[in-house]
Structure formats: C-alpha cells, structure tokens
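The structure under discussion appears below in the form of structure tokens.
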Number of protein chains: 2
Amino acid sequence: MEHAVLAAIASPRRREILRLVWNREMAAGDIAAAMPDVTFGAVSLQLRALQEAGLVVCRPDQKNRFYKAKRATLGLVAKSLERMWDDALWRLKLAAQLEATRRGPAPRRKHHKPQK
Amino acid sequence: MEHAVLAAIASPRRREILRLVWNREMAAGDIAAAMPDVTFGAVSLQLRALQEAGLVVCRPDQKNRFYKAKRATLGLVAKSLERMWDDALWRLKLAAQLEATRRGPAPRRKHHKPQK
DNA sequence: AATTCATTTTAGTTTCATCTAAATTACAGC
DNA sequence: GCTGTAATTTAGATGAAACTAAAATGAATT
C-alpha cells in the first residue's frame with residue numbers, strides 16, 4: 001500500500017468510478033454516462049489517476065476501452081470499501097422502506113409536558 | 001468507515017502525525033517539535049482534522065494536551081497503515097545497511113560484453 | 001491581576017486537485 | 001483519402017486544502 005492508493009480512494013468521484021467497475025468491466029463512455037454531472041474528459045482524467053495508482057486496469061477493444069477494478073491492489077482495504085458501499089445501500093433501503101410503510105401522523109419527538 | 005476517515009489518512013502530514021501517536025500519547029508541542037518543517041499552528045489544525053475524523057483523542061492535562069491514535073476507527077485499515085510504515089522502515093534499514101557494509105568499488109549494473 | 005507557557009484560532013496566501021471546453025489522437029467503416 | 005465515433009489530452013478557471021504569521025485563549029504561577 002502506498003500513498004497513491006490512499007490518495008486515490010480519498011476522492012468520492014474516484015470511489016464512485018471504482019464502485020462501477022468493481023464487479024464488471026465497463027467502457028469509459030458508459031462510466032462517463034453514469035455520471036451526468038461531469039464531462040467525459042473529467043472522468044477520463046480520474047480513470048487515469050486510478051490506473052496510475054494501480055486500482056484499475058484497461059483493456060482496449062475496437063474503439064472502446066474497458067476498465068475494471070484491480071481489487072488486489074487494495075488488500076484489506078477492499079473489504080472496508082465494500083462495507084462502506086453496503087452500509088450506504090442499507091441506509092438508503094431502510095430510509096425508503098420507512099417512507100413507504102409509514103401510515104398515520106408524522107413521527108413525533110419525545111413528548112414534553114405542556115407548559116402551564 | 002466514512003469519507004472523513006479516508007480523506008484524513010490521504011494526507012501524508014496527517015499520517016505522519018498519526019504514526020507518532022500510534023503507540024503512545026504525545027503532547028501537541030512535542031508532535032509539532034517532531035516536524036520542524038511546519039509551524040505549530042499548522043500541526044494544531046491537522047490535529048483538529050484528525051480529531052474530527054475520530055482518528056485521535058485528546059486528553060488535556062495541566063497546560064498540555066495529549067493526543068493518541070484511536071485505532072479502532074480505522075478498522076481493517078489500521079493493519080494496512082502499519083504494514084505501510086513497517087515496509088518503509090524496512091526499506092530504510094536495508095538501504096542504510098547496504099550503505100554501511102559496502103566495501104570496494106561501487107555496485108555494478110549487469111555486465112555487457114564490450115563492443116568490438 | 002499580571003506573566004508565562006502551551007495551544008488554538010483567525011485571516012490571508014500559496015499550492016494543489018478538479019473541473020470545463022476545446023483540441024487531439026486512435027480506430028473503424030466507407 | 002475522408003467521416004464518424006470513442007476516448008484522451010491540453011490549457012485555463014475555480015475551489016478547497018494546507019500553510020504562515022499573528023492574535024487570542026486557557027491554565028498555572030507569581
């Protein structure tokens with residue numbers, strides 16, 4: 001583990017990319033399309049950073065370049081990242097479920113005795 | 001593990017501090033004294049960042065404030081950091097030993113046949 | 001209450017990362 | 001060759017992080 005790796009995963013944007021290519025490989029264009037808030041160029045730069053840190057590998061194929069995560073580089077940290085993503089998902093699902101199943105009046109805060 | 005933790009350990013300066021207080025607690029002034037290339041103020045700011053990330057705890061005592069690492073916050077990543085530091089030490093020691101025990105002419109690169 | 005020591009905080013500057021828009025490269029099909 | 005698609009690269013703008021110097025805080029000592 002070197003500095004470059006820690007610096008790479010410190011960026012939310014790069015973690016977002018890393019998560020996309022964690023289990024499957026994806027073309028650069030599809031990665032960029034999954035992030036409508038930035039330009040293709042910006043994504044390409046981050047892909048380069050990830051590649052230089054050894055966190056992704058690139059496979060050129062025809063006009064496309066397919067990226068996928070190189071999990072081994074992260075060692076134990078891979079598990080931490082996965083947990084981080086799972087926890088975030090879990091929180092989202094929980095929030096959605098609470099919202100969907102809620103009936104009746106809005107949840108109350110702890111009750112206080114009315115002032116005289 | 002949240003973003004704040006990853007962001008905190010992405011900084012070499014904060015890692016340097018974290019390493020100092022990894023096994024023992026240290027007064028802020030002593031930490032700053034161990035880093036002659038920056039001011040006390042700068043170190044204090046980084047200590048605050050580490051504290052906000054939950055990576056150190058502070059114990060006031062008289063005029064001093066003693067900081068120590070809160071390793072639990074790092075979970076598995078703690079091991080990765082330790083390995084990182086050990087590896088760096090190992091490399092330094094190896095280099096020092098090579099330098100100290102070297103005798104005779106400087107080490108040669110792989111021999112090539114002389115050109116005719 | 002004034003002084004000293006240890007530390008934090010503030011305000012301003014520099015440095016660095018990230019982004020955009022546009023130019024450029026690379027590859028394939030016509 | 002030219003055209004179109006996929007991606008990278010460049011140059012420049014913007015914002016955040018890290019630093020410094022100086023001022024402010026807090027706790028002990030006189």
Side-chain angles (χ1 to χ4, degrees), chain A residues 1-21 24-70 73 81, chain B residues 1-21 24-70 73 81:
Chain A
M1 177 86 49
E2 332 105 21
H3 169 70
V5 175
L6 294 178
I9 60 173
S11 148
R13 179 72 65 192
R14 283 188 295 264
R15 281 200 304 273
E16 196 183 355
I17 294 176
L18 200 55
R19 188 171 185 279
L20 282 173
V21 300
R24 59 186 185 293
E25 70 174 12
M26 258 178 110
D30 292 336
I31 298 171
M35 310 187 172
D37 57 325
V38 279
T39 62
F40 199 157
V43 172
S44 184
L45 288 170
Q46 299 292 25
L47 280 170
R48 180 162 63 163
L50 284 168
Q51 195 168 17
E52 279 166 3
L55 287 174
V56 299
V57 288
C58 182
R59 177 180 69 84
D61 180 57
Q62 314 272 32
K63 285 182 200 166
N64 301 307
R65 300 199 186 186
F66 290 90
Y67 288 89
K68 73 163 193 277
K70 209 172 153 187
T73 304
L81 270 189
Chain B
M1 177 86 48
E2 333 104 23
H3 169 71
V5 174
L6 294 178
I9 61 174
S11 148
R13 180 73 65 194
R14 283 189 295 264
R15 282 201 303 274
E16 195 183 356
I17 294 176
L18 200 55
R19 188 173 186 279
L20 281 174
V21 300
R24 58 187 186 293
E25 68 174 13
M26 259 180 111
D30 292 337
I31 297 172
M35 310 187 172
D37 57 326
V38 278
T39 62
F40 199 156
V43 172
S44 185
L45 288 169
Q46 299 291 24
L47 279 170
R48 181 163 61 164
L50 284 168
Q51 195 168 17
E52 279 166 4
L55 287 173
V56 299
V57 288
C58 182
R59 176 179 70 84
D61 179 57
Q62 314 272 34
K63 286 181 200 167
N64 301 309
R65 300 198 187 186
F66 289 90
Y67 288 88
K68 73 162 192 279
K70 208 172 154 186
T73 304
L81 270 188

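- Contact annotation: the side chain of A/R65 never approaches that of A/R59 to less than 4.5 Å [non-hydrogen atoms, C-beta and beyond].
- Taking atom CD1 of A/I17 as the reference point, atom P of D/dT8 lies 11 Å away to the nearest angstrom.
- The only member of B/I17, B/L55, B/V21 that meets side chain to side chain contact (heavy atoms under 4.5 Å, CB included) when paired with B/L47 is B/I17.
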Could you go over nucleotides 23-30 of chain C and give all protein N or O partners under 3.5 Å, atom names and distances?
unit_1, atom_1, unit_2, atom_2, d
C/dA28, OP1, A/Q62, OE1, 3.2

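- Near DNA chain D, meaning a heavy atom under 4.0 Å away, the residues from residues 32-44 of chain B are B/D37, B/V38, B/T39, B/A42.
- Dashed line: the shortest gap from a side-chain N or O of A/Q46 to OP1 or OP2 of C/dC19 is under 4.0 Å.
- Rounded to an integer number of Å, the gap from CE of B/M26 to C1' of C/dA6 is 15 Å.
- Whole-Å rounding puts the B/I31 CD1 to C/dT7 P distance at 9 Å.
- Distance B/Q51 CD to C/dT7 P: 13 Å, rounded to the nearest Å.
- Residues A/E52 and A/R48 form a side-chain contact, since some pair of their non-hydrogen atoms from C-beta on lies under 4.5 Å apart.
- For D/dT8, the OP1/OP2 oxygens have no side-chain nitrogen or oxygen of A/R48 closer than 4.0 Å.
- For A/H3 and C/dC16, the NE2 to P distance is 12 Å, given to the nearest whole Å.
- Among the protein residues, A/F66 comes within range of no part of the nucleic acid, since none of its heavy atoms lies under 4.0 Å from any strand.
- Counting only heavy atoms from C-beta outward, the side chains of A/M26 and A/K68 never approach each other to under 4.5 Å.
- Applying the 4.0 Å criterion to OP1 and OP2 of D/dT8, one finds that A/Y67 has a side-chain N or O inside that range.
- Between B/L47 and A/S11, it is B/L47 whose nearest contact on DNA chain C lies nearer the 5' terminus.
- A heavy-atom distance below 4.5 Å is not found between the side chains of A/K70 and A/L50.
- For the OP1/OP2 pair of C/dC19 and a distance below 4.0 Å, the side-chain nitrogens and oxygens of A/R13 include at least one atom meeting the criterion.
- Annotation: salt bridge (Lys or Arg N to Asp or Glu O under 4.0 Å) contacts of A/D37 (sequence neighbours excluded): A/R13.
- Contact of the B/I9 side chain with the B/R14 side chain is not registered, since no non-hydrogen atoms from C-beta on lie closer than 4.5 Å.
- Rounding to whole angstrom units, CD of residue A/E25 and P of D/dA7 are separated by 12 Å.
- Taking 4.5 Å as the limit, some side-chain heavy atom of A/M1 sits within range of a side-chain heavy atom of A/L6.
- Residue A/A27 is in sugar-phosphate contact alone, with no base atom involved, counting any heavy-atom pair closer than 4.0 Å across all strands shown.
- Between B/L81 and B/R15, the closest side-chain pair of non-hydrogen atoms falls below 4.5 Å.
- Here B/N64 reaches the OP1 or OP2 of C/dT7: one of its side-chain N or O atoms lies under 4.0 Å away.
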